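Note that the coordinates shown come from a computational prediction; the quantities given were computed from them, not determined experimentally.
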Amino acid sequence: MPNPRPNPHPGRPRAFDREQAVLAAACLFWKSGYSGTSTRALTHALGISTSSLYAAFGSKAGLFEEAVRTYAERYREIYRQAVGERDIHVVVDRILTRSVQEFTQPADRHPGCLVTSAVLADSAETIDVRTYIADLHRDNEHTLLTRIQRAAGEGQLPVGASVSALTGLVQAVWHGLSVQSNLGVPRDELLAAADLAIRQFAGRSSADASPETA
């Protein structure tokens with residue numbers, strides 16, 4: 001009987017699944033932060049040796065960067081798909097609702113919103129990741145701003161509505177929902193908050209809002 005084919009990476013199980021490995025690492029980074037997650041904890045969670053971790057991802061920082069990019073890109077795609085809707089209010093609905101659904105996926109499929117927690121990384125090794133996250137936020141904001149400008153030109157918003165203020169409102173709500181999801185706020189509460197913001201966006205603008213009276 002022939003001998004079994006040798007494993008070219010003896011420290012890495014034959015069933016090594018990169019996607020599952022990145023998810024396991026992302027969950028640890030979300031829970032303990034970059035500096036608080038040791039290489040030993042990572043190798044234990046991934047079921048691989050230290051040498052195999054370096055062979056697969058280059059370094060702990062490389063694994064962190066891949067984890068952030070893997071999950072952050074989902075939010076970019078949410079924005080890109082949402083702005084294709086014809087009604088600006090549906091655009092905002094899609095951005096906030098689908099983002100909440102992404103934030104609150106079960107832990108066995110999603111690590112939480114690393115887009116928020118990743119920027120709290122406190123190591124110089126992760127400066128490129130922080131830059132990447134900042135660029136991602138600016139890109140998403142620009143995507144939304146451009147779409148709101150178009151909506152204003154098409155008469156979907158009150159005359160004189162502040163495009164930049166409306167964009168800032170949606171972005172502020174998005175970041176707030178992200179932070180709350182990381183604090184464990186349930187999906188239904190986040191969706192309720194998103195729905196309120198969507199209805200406020202649909203019903204009022206900086207142009208037609210009037211001061212509250214006592």
Side-chain angles (χ1 to χ4, degrees), residues 17-37 41-42 45-46 63-85 87-122 126 129-130 132-144 147-148 166-203:
D17 184 319
R18 191 179 188 91
E19 182 177 342
Q20 287 300 312
V22 171
L23 172 59
C27 289
L28 284 178
F29 288 131
W30 179 89
K31 181 178 180 181
S32 303
Y34 178 81
S35 295
T37 302
L42 287 168
L46 275 59
L63 176 52
F64 178 76
E65 180 173 348
E66 183 166 335
V68 172
R69 289 181 183 275
T70 296
Y71 292 98
E73 285 302 319
R74 297 187 183 188
Y75 300 107
R76 194 194 305 273
E77 188 60 25
I78 286 172
Y79 274 74
R80 287 177 175 172
Q81 291 183 8
V83 297
E85 298 289 344
D87 188 305
I88 189 59
H89 304 108
V90 178
V91 170
V92 174
D93 183 296
R94 296 290 184 271
I95 287 174
L96 297 183
T97 299
R98 290 180 179 173
S99 292
V100 167
Q101 291 169 343
E102 185 72 17
F103 297 154
T104 55
Q105 284 196 53
D108 62 346
R109 297 202 303 267
H110 198 276
C113 186
L114 280 171
V115 175
T116 297
S117 60
V119 298
L120 302 179
D122 55 356
T126 65
V129 173
R130 292 200 298 271
Y132 164 75
I133 291 297
D135 289 343
L136 173 70
H137 287 316
R138 281 192 291 267
D139 183 56
N140 287 346
E141 183 173 2
H142 178 72
T143 297
L144 178 59
R147 182 63 185 83
I148 293 178
L166 290 173
T167 303
L169 170 64
V170 176
Q171 292 301 96
V173 171
W174 190 97
H175 285 283
L177 292 170
S178 172
V179 171
Q180 286 190 307
S181 74
N182 279 337
L183 294 175
V185 176
R187 174 181 283 190
D188 59 343
E189 293 185 22
L190 295 176
L191 288 173
D195 181 65
L196 179 61
I198 293 161
R199 286 189 280 115
Q200 286 292 97
F201 181 94

Got a second to check how far [X]'s [atom1] is from [Y]'s [atom2], nearest 0.5 Å?
| X | Y | atom1 | atom2 | answer |
| --- | --- | --- | --- | --- |
| I88 | D93 | CD1 | CG | 11.5 Å |
| R98 | F103 | CZ | CZ | 14.0 Å |
| E102 | L177 | CD | CG | 14.0 Å |
| T97 | L191 | OG1 | CG | 6.0 Å |
| Q101 | R94 | CD | CZ | 9.5 Å |
| L196 | L96 | CG | CG | 11.0 Å |

Which pair of non-hydrogen atoms, one from [X] and one from [Y], has the smallest distance, and what is that distance?
| X | Y | answer |
| --- | --- | --- |
| A24 | A45 | CB-O, 4.2 Å |
| A41 | L28 | O-CD1, 3.6 Å |
| L46 | A25 | CD1-N, 3.9 Å |

Option from T167, V91, V83 for which side chain to side chain contact (heavy atoms under 4.5 Å, CB included) with I148 holds: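 Single pass found, and it is T167.
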Candidates N140, D139, T143 - the one meeting side chain to side chain donor-acceptor pair (under 3.5 Å) with R76: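 Between R76 and the candidates, side chain to side chain donor-acceptor pair (under 3.5 Å) is satisfied uniquely by D139.
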Aromatic ring pairing F29/Y34, orientation class (parallel under 30°, perpendicular over 60°, tilted between):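 Rings of F29 and Y34: parallel, as their planes differ by under 30°.
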4.5 Å side-chain heavy-atom contact, W174 and E141: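 No; the side chains remain at least 4.5 Å from each other.
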Pairwise side-chain contact, E189 with Q180, heavy-atom cut-off 4.5 Å (strictly under):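 Counting from C-beta outward, E189 and Q180 never come under 4.5 Å.
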Over 12 foreign heavy atoms within 6.0 Å of NE2, H142: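 For H142, atom NE2 is not crowded (no more than 12 foreign heavy atoms under 6.0 Å).
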R147 side-chain N/O to E85 backbone N/O, donor-acceptor pair under 3.5 Å: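 Pair found, side chain donor or acceptor close to backbone of E85.
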Under 3.5 Å: donor-acceptor pair, side chain of S181, backbone of S178: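 Flag set: sc S181 to bb S178 pair under 3.5 Å.
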All side chain to side chain contact (heavy atoms under 4.5 Å, CB included) counterparts of D195, not counting sequence neighbours: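 Only R199 meet the side chain to side chain contact (heavy atoms under 4.5 Å, CB included) criterion with D195.
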Criterion side-chain contact (heavy atoms from CB on, under 4.5 Å) on V179 and H175, from CA distance to verdict: CA-CA 6 Å; V179 171; H175 285 283; 5.6 Å; no
